[in-house]
**Q** 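This structure is in structure tokens; I'll ask about it shortly.
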Amino acid sequence: GDAHQSASRAAAPVRTINHLQIRVKDPLKSYEFYMKLLGGHAIDTGGNGSTLTMMLGNSGQWVSFGKLREGSDAQPGTLDHAGIGIDLPKNPERLRQALKDAFPSANVRSPGKPGDSTYDRSIYLTDPEGFSIQLISMKDDGHLPTADVKPAVPRTQAQGFVRFRSLNHLSITTTDRERSRDFYMKLLGATVRDQNRGQINLTLPGANAWLSLLQSNPRSPVKPGNLHHLGVGIDYPSDIPGIDALRAKLKAAFPDSNVRSPGQPSPDLKNNYNRSIYVTDPDGVDLQLVTSTDDGWLNPGAGAGGNSPR
């Protein structure tokens, strides 16, 4: 079909959302929050704990917390980059050159110089809004190039408050949804799952994940090209009493994390209120907890606040 064709023509077909690197005020505080909520273990720390990578659950997906440098004008709780797992060749020079040719304005580059261990580990490019993508081997396990001899935290595996299954989706803001859609279709082989007036949801074929392109609102604090929220796939309850109980337990366990569900309580299991629970991390990243099988369907008529009473 058409979807298969577009995926096969993709420059770097997506296999996983491999990792996220988040700018934070305090990597240890972030690590404690994510360990408590989602579980996993520390992989490495670097710079005496100013960078910390941790595996989420036992999923093979990881997150990196990088401490904001003094004087940096970047905001905490923003993504430095999203790591997209691909079948990365051992010597990716041909792919790097092909990407430069296909995406001349995307600042395609690799860190370091030829011969450095970082140079062939990944390829960075920037989407039309300035969102930074790192193409990396889908098997990359997050070890830091220069790790602390003695890690700042032990590499102890622990269960989380919920059972983490996957990074289910990324929701990013854009000033031009169609332009961003075309970029991700051409780069990763993404296909359109659903759209309404406010957003386009793209399936990332083969990755069991999706991407939401949200029309940016000039009044929103989230700037274009940044993470609006992170969709976290968990073992989500399958009935309303279970969902209500989980929401109440999360509120009690994470009193400072603005635990909430969108919209109003409803007897409809597919209503947005029952579909997900939001939890905010210490730096203001909104985590949307959903079932790990959520594929990005949109409620018909649920435009970006278009039809809701004022």
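Note that this is a predicted model, so its numbers are computed, not measured.
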**Q** Please lay out, stage by stage, how I84 and Y184 fare under the test side-chain contact (heavy atoms from CB on, under 4.5 Å).
**A** CA-CA 12 Å; I84 301 293; Y184 287 105; over 6 Å; no
**Q** Using side chain to side chain contact (heavy atoms under 4.5 Å, CB included) as the criterion, list what pairs up with S276, not counting sequence neighbours.
**A**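 Applying side chain to side chain contact (heavy atoms under 4.5 Å, CB included) to S276 gives P262, Y278, Q288, V290.
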**Q** Atom CG in D80, atom CD in Q21: separation rounded to 0.5 Å?
**A**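 Spacing of CG (D80) from CD (Q21) equals 4.5 Å.
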**Q** If you measure only the distance, is there a donor-acceptor pair under 3.5 Å linking the side chains of S30 and D281?
**A**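 Distance-only check fails for S30 and D281.
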**Q** Tell me whether the count of non-hydrogen atoms from other residues, nucleotides or ligands lying under 6.0 Å of CG in N208 goes above 12.
**A**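 Not more than 12 within 6.0 Å, no.
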**Q** Between T78 and L227, does a side-chain contact (heavy atoms from CB on, under 4.5 Å) hold up when you go through it step by step?
**A** CA-CA 7 Å; T78 54; L227 183 72; over 6 Å; no
**Q** Would R96 and Y119 count as a cation-pi pair here, with the cationic atom under 6.0 angstrom from the ring centre and within 45° of the axis?
**A**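 Output yes; distance and angle both within limits.
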**Q** Could you tell me whether the side chain of T174 and the main chain of L213 form a donor-acceptor pair under 3.5 Å?
**A**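 A pair under 3.5 Å: no.
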**Q** Around atom CZ of R177, are there more than 12 heavy atoms from other residues, nucleotides or ligands closer than 6.0 Å?
**A**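 Check passes, neighbour count above 12.
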**Q** So, D176 and R181, do they make that salt bridge, N to O below 4.0 Å?
**A**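 No.
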**Q** By the salt bridge (charged side-chain N to carboxylate O under 4.0 Å, His left out) test, which pairs, at least two apart or in different chains, include something from residues 133-154?
**A**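 The answer is R121-D140.
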**Q** What pairs with K29 under side chain to side chain contact (heavy atoms under 4.5 Å, CB included), at least two apart in sequence or on another chain?
**A**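 With neighbours one apart ignored, the set is D26, P282.
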**Q** Apply side chain to side chain donor-acceptor pair (under 3.5 Å) to the pair E129 and T175, showing each step before the final yes or no.
**A** CA-CA 7 Å; E129 298 286 350; T175 56; 2.6 Å; yes
**Q** Does any donor atom in the side chain of R193 or T203 lie under 3.5 Å from an acceptor atom in the other side chain?
**A**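 Looking only at side-chain atoms, T203 and R193 do not form any donor-acceptor pair under 3.5 Å.
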**Q** Please name all residues satisfying side chain to side chain contact (heavy atoms under 4.5 Å, CB included) with K251, sequence neighbours left out, ordered by chain then number.
**A**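 K251: side chain to side chain contact (heavy atoms under 4.5 Å, CB included) contacts with R247, V259.
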**Q** For T280 and R260, what are the C-alpha separation, side-chain angles and deciding distance, and is it a side chain to side chain donor-acceptor pair (under 3.5 Å)?
**A** CA-CA 9 Å; T280 305; R260 68 213 185 272; 3.3 Å; yes
**Q** Tell me the ring pair (Phe, Tyr, Trp, His ring centres under 6.0 Å) pairs involving residues 242-269, sequence neighbours left out?
**A**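 Sorted result for residues 242-269: F33-F254, F161-F254.
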**Q** Using atom types as modelled and distance alone, determine if a side-chain donor or acceptor of R109 lies under 3.5 Å from a backbone N or O of N107.
**A**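 Yes, the answer is positive, given that a donor and an acceptor are paired below the 3.5 Å cut-off.
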**Q** The test is side-chain contact (heavy atoms from CB on, under 4.5 Å); show your working for V14 and I86 and say whether it passes.
**A** CA-CA 5 Å; V14 58; I86 66 168; 5.5 Å; no
**Q** Show, in sequence, the C-alpha distance, side-chain angles and deciding distance for V153 and M35, and conclude whether the side-chain contact (heavy atoms from CB on, under 4.5 Å) test is met.
**A** CA-CA 12 Å; V153 291; M35 281 292 280; over 6 Å; no
**Q** Can you confirm whether I22 sits close enough to Y34 that some side-chain heavy atom of one is under 4.5 Å from a side-chain heavy atom of the other?
**A**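 Sidechains of Y34 and I22: in contact.
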**Q** Pairs under 3.5 angstrom only: tabulate donor-acceptor contacts from the side chains of residues 63-77 to other protein residues two or more places apart or in another chain.
**A**
unit_1, atom_1, unit_2, atom_2, d
K67, NZ, K25, O, 3.2
S72, OG, A74, N, 3.0

**Q** In this structure, are over 12 heavy atoms from other groups packed under 6.0 Å from N48 atom CG?
**A**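 Atom CG in N48 is not packed in, count stays at 12 or less.
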